[in-house]
Amino acid sequence: MATKELKNIFLSASIPFKGRHEKYYNTADIIAIRDSVIALASLVIPKYRLIWGGHPSITPIIYYVLEKYDIDIQNHVKLYQSKHFEKIFPIENKEFETIEITEDLGDLKASLRLMREKMLGDNIFEAGVFIGGMEGVEDEYNLFKELNPNSILLPIASTGAASKIIYESNIDKYSSEKLINDYGYMSLFQELLIDKIN
C-alpha cells in the first residue's frame, strides 16, 4: 500500500527580545506565543508535516511537543537552519532527524534569505502560520505569500509583535476577528486551519 504524502504547514515564529525593536517587544505576549506554538504543533504534528526555520525560542517548544508522542513521527517535522548560526544552534536541533542546513554566505541577511528561499520555495504548503516574531516573521510572511499565493495565511495577532503588525496591515484580508481576540488556540487552529485543509 502506498503511503500518503503529508501536507505541509509552515510556521514562522519567534519571541521578541527587548532592545532589538521596541515595536515588536512592546506588543508581544510571550505566554500567548508559547501557548499558540504548542497548540499548533500538537494539532499539526500527528497528521501533517510542520516546517519551520529554527529559532532558539521556538525549536525547544516544538521538541517539547514532539517528545509527548509515543510513535515515530520524525518525518512529520522539518527544521531549516542557516549554517551562519552553527555555533549557537539550540541543543534540541540534534533531536530532529529531518534538518536542512543551508549555506553560510558570510553575511547574515544573505544567509537568512537563502534559507528562507529554500524553505519556502522547495516545499508546497497548505498554510502558513505566523506567531509573535520580529522582522524575520514579516520577511517570511511576504516571501511565503509570494511563493504560495493560494495557501491559507494565519497571522495570529493575539500573540502581538510582528504577527499583529501583519494582521493590522492586511486587516481587509482577514475576516476572522478570532485571529486577534481568541486565545483558545486549539479550537482556533482546528477551525481556521485543520478543518479547512482536510
Side-chain angles (χ1 to χ4, degrees), residues 8-42 44-45 49-69 72-123 125 128-144 147 155-156 159-166 185:
N8 294 325
I9 309 298
F10 174 63
L11 168 64
S12 179
S14 69
I15 296 174
F17 50 88
K18 195 170 186 163
R20 178 114 162 240
H21 287 292
E22 295 302 314
K23 70 178 183 176
Y24 302 122
Y25 182 79
N26 288 341
T27 63
D29 184 333
I30 295 168
I31 303 300
I33 293 169
R34 181 203 62 200
D35 289 353
S36 60
V37 170
I38 290 171
L40 179 70
S42 297
V44 168
I45 289 173
R49 182 179 295 112
L50 186 64
I51 298 175
W52 76 102
H55 190 278
S57 66
I58 301 302
T59 300
I61 298 171
I62 295 171
Y63 177 64
Y64 165 81
V65 173
L66 195 61
E67 273 190 312
K68 300 297 177 195
Y69 293 98
D72 180 19
I73 50 175
Q74 279 285 343
N75 66 328
H76 289 239
V77 291
K78 189 173 188 180
L79 166 63
Y80 279 78
Q81 195 83 72
S82 171
K83 194 172 178 95
H84 185 85
F85 299 104
E86 189 172 32
K87 292 179 181 172
I88 58 168
F89 281 172
I91 193 169
E92 290 81 5
N93 277 17
K94 68 180 178 16
E95 303 297 335
F96 294 95
E97 292 174 13
T98 311
I99 181 168
E100 295 281 335
I101 308 286
T102 59
E103 186 181 351
D104 179 0
L105 300 177
D107 172 74
L108 174 62
K109 286 187 179 188
S111 297
L112 283 173
R113 178 78 184 175
L114 173 66
M115 184 204 72
R116 290 175 176 140
E117 286 172 350
K118 287 195 67 55
M119 178 172 60
L120 298 176
D122 291 355
N123 297 286
F125 292 97
V129 180
F130 304 87
I131 295 173
M134 297 175 281
E135 66 275 1
V137 169
E138 290 187 275
D139 292 345
E140 289 175 359
Y141 173 84
N142 290 324
L143 185 58
F144 183 90
L147 297 175
I156 310 304
T159 62
S163 59
K164 184 175 184 194
I165 292 168
I166 292 166
Y185 295 114

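Computed from heavy atoms alone, side chains included, the values below leave out hydrogens, waters and symmetry copies. Everything numeric here is computed off the predicted structure, so don't read it as measured data.
Two residues are said to be in side-chain contact when any heavy atoms from C-beta on lie closer than 4.5 Å; Tyr24 and Glu135 meet this criterion. By the 4.5 Å heavy-atom criterion applied to side chains, Glu95 and Leu66 are not counted as neighbours. Side-chain contact between Thr27 and Pro16: absent, with no pair of heavy atoms (C-beta onward) separated by less than 4.5 Å. Between Thr98 and Val77 there is no side-chain heavy-atom pair separated by less than 4.5 Å. Between Ile131 and Ser163 there is no side-chain heavy-atom pair separated by less than 4.5 Å.
Note that CD of Glu140 and CE of Met115 are 5.5 Å apart. Values are rounded to the nearest 0.5 Å. Here the straight-line distance linking atom CD1 of Ile9 with atom CD1 of Ile45 works out to 11.5 Å at 0.5 Å rounding. Distance CZ/Phe85 to CG/Leu112: 4.5 Å, rounded to 0.5 Å. One finds the CG atom of Asn123 at 3.5 Å from the CD1 atom of Ile51 (value rounded to the nearest 0.5 Å). Note that the CZ atom of Arg113 and the NZ atom of Lys118 stand 14.0 Å from one another [nearest 0.5 Å]. To the nearest 0.5 Å, the span separating CG on Leu79 from OH on Tyr63 amounts to 13.5 Å.
Under the 3.5 Å distance criterion, the side-chain polar atoms of Thr159 are matched with a main-chain donor or acceptor of Gly132. Under the 3.5 Å distance criterion, the side-chain polar atoms of His55 are matched with a main-chain donor or acceptor of Ser57. Looking at Ser36, its side chain never comes within 3.5 Å of a backbone N or O of Tyr185 through a donor-acceptor pair.
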Problem set entry | Audit row: Ile101, Glu86, side chain to side chain contact (heavy atoms under 4.5 Å, CB included) steps and yes/no | CA-CA 9 Å; Ile101 308 286; Glu86 189 172 32; 6.0 Å; no
For this session: Just do the side chain to side chain contact (heavy atoms under 4.5 Å, CB included) check on Leu11 and Ile62 with the steps written out, would you?
Result: CA-CA 11 Å; Leu11 168 64; Ile62 295 171; 3.8 Å; yes
For this session: Run the numbers on Glu100 and Met119 for side chain to side chain contact (heavy atoms under 4.5 Å, CB included), then give the verdict.
Result: CA-CA 9 Å; Glu100 295 281 335; Met119 178 172 60; over 6 Å; no
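Across all non-hydrogen atoms, the minimal contact from Gly128 to Phe144 is N-CZ, 3.4 Å. The two atoms that bring Ser82 and Ser111 nearest to each other are OG-CB, 3.5 Å, heavy atoms only. Residue Pro56 comes nearest to Pro90 through the heavy atom pair CA-CG, 3.6 Å, listed as atom of the first residue, atom of the second, then distance. The shortest non-hydrogen separation linking Ile33 to Ala28 is CD1-CB, 4.4 Å. Residue Thr59 comes nearest to Phe96 through the heavy atom pair CG2-CE1, 3.6 Å, listed as atom of the first residue, atom of the second, then distance. Among all heavy-atom pairs drawn from Glu103 and Lys83, the shortest one is C-CB, 4.3 Å.
Applying the 6.0 Å contact sphere to OH of Tyr25 captures no more than 12 heavy atoms from other residues, nucleotides or ligands.
Between Phe10 and Phe130, the ring planes are perpendicular. Angles over 60° get that label, and only those under 30° would be called parallel.
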